[in-house]
Amino acid sequence: IGSFLLAVSLLCIRTDSIKDRTAAQLIDRAWTRTLDGKSDVRPWPWMDSVPVASLFFPRLNRNFIVMKGTSGAVLAFAPGWHEGTDRPGAPGISMISAHGDTHFGFLRHLQKGDKIRMQLPDGGMLTYRIETFKIVTGAEVQVKRTAQERILLLSTGFPFMNGPPGYEMRFIVVAREGGEEKAVIS
């Protein structure tokens with residue numbers, strides 16, 4: 001019975017890996033079609049989200065397609081843009097979240113001054129520089145509005161791996177286009 005359980009658990013791990021790789025390929029394909037001028041391209045028919053940007057972290061050689069929304073269905077497969085914030089790349093403050101034990105686990109390795117490159121659906125590119133990091137409770141996140149600057153907030157659960165259920169701490173990366181330092185989170 002022990003070898004049977006081992007075989008079943010290995011099959012489940014392999015199936016999850018195949019599912020994750022397939023989802024990533026479909027999301028990449030949807031992003032490519034978006035860059036080709038198509039609008040509202042869903043990675044698969046029942047996915048209630050579309051790609052809105054891509055992020056590249058040059059020093060760590062990591063890149064991600066950002067999907068619209070932060071539902072569980074979105075965050076299971078990709079980072080998601082909080083629709084209550086400004087659209088990625090628009091003037092103002094845009095927040096993107098992902099799970100700290102999957103897509104955004106690498107955030108702990110970022111450093112002040114690191115660049116983040118954002119590609120927009122029209123192919124345009126923006127470069128942000130990391131200014132600071134904050135660890136806050138979900139209730140403490142208050143963002144100071146700005147109309148002229150482009151500010152990017154990356155948010156994930158903290159601690160990065162296996163926080164207790166209901167743990168409300170957030171790790172936030174604050175980046176500004178061009179990187180001029182000013183407080184945006186209190």
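Please read all numbers here as calculations on a predicted model, not as lab measurements.
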- Between CG of Leu154 and CG of Leu110, what distance do you get to the nearest 0.5 Å? 7.5 Å
- Between Met118 and Ala53, which heavy-atom pair has the shortest distance, and what is it? CG-CB, 4.1 Å
- Are Phe171 and Phe64 joined in one hydrophobic group, where the rule is that I, L, V, M, F, W and Y side chains link up if heavy atoms are under 4.5 Å apart? yes
- Item | Heavy-atom closest contact (Met67 atom, Ala78 atom, distance) | CG-CB, 3.6 Å
- Item | Main-chain N/O of Gln111 paired to Asp114 side chain as donor or acceptor, under 3.5 Å | yes
- What about Val50 and Leu26, same hydrophobic cluster or not, with Ile/Leu/Val/Met/Phe/Trp/Tyr joined at side-chain heavy-atom distances under 4.5 Å? no
- NZ/NE/NH1/NH2 to OD/OE distance under 4.0 Å, Arg150 and Asp86: no
- Query: Are Ile65 and Leu120 connected in the hydrophobic side-chain network, where two residues link if heavy atoms are under 4.5 Å apart?
  - Reply: no
- How many angstroms lie between atom OG1 of Thr70 and atom CG of Leu75, to the nearest 0.5 angstrom? 6.0 Å
- Message: Please find the pair of heavy atoms, one from Pro51 and one from Thr34, that lie closest to each other, and give the distance.
- Response: CG-OG1, 3.9 Å
- Task: Tell me whether Val52 is reachable from Leu152 by hopping between hydrophobic residues (I, L, V, M, F, W, Y) whose side-chain heavy atoms are closer than 4.5 Å.
- Result: yes
- Item | Residue pair Ser97 / His82, side-chain donor-acceptor N/O under 3.5 Å | yes
- Message: Can you confirm if the NZ or CZ of Arg62 lies within 45° of the ring axis of Phe57 and under 6.0 Å from the centre of its six-membered ring?
- Response: no
- For the residue pair Phe104 and Phe106, does the interplanar ring angle fall in the parallel (under 30°), tilted (30 to 60°) or perpendicular (over 60°) class? perpendicular
- d(His103 NE2, Leu55 CG) to nearest 0.5 Å is 12.0 Å
- Query: Do the side chains of Tyr128 and Phe56 join up, straight or via other hydrophobic residues, at under 4.5 Å, putting them in one cluster?
  - Reply: no
- Message: Check this for me, if you would: do Glu131 and Lys112 make a salt bridge, where the nitrogen-to-carboxylate-oxygen distance has to be below 4.0 angstrom?
- Response: no
- Check: Ser94 main-chain N/O paired with Thr85 side-chain donor or acceptor under 3.5 Å: no
- Rounded to the nearest 0.5 Å, what separation is found between the CZ atom of Arg108 and the OG1 atom of Thr156? 9.0 Å
- Query: Which atom pair, heavy atoms only, marks the closest approach of Gly178 to Arg129?
  - Reply: O-CD, 4.1 Å
- Nearest-0.5 Å distance that lies between atom CG in Leu107 and atom CG in Leu60: 9.5 Å
- Note on the structure: d(Ile151 CD1, Arg176 CZ) to nearest 0.5 Å is 4.0 Å
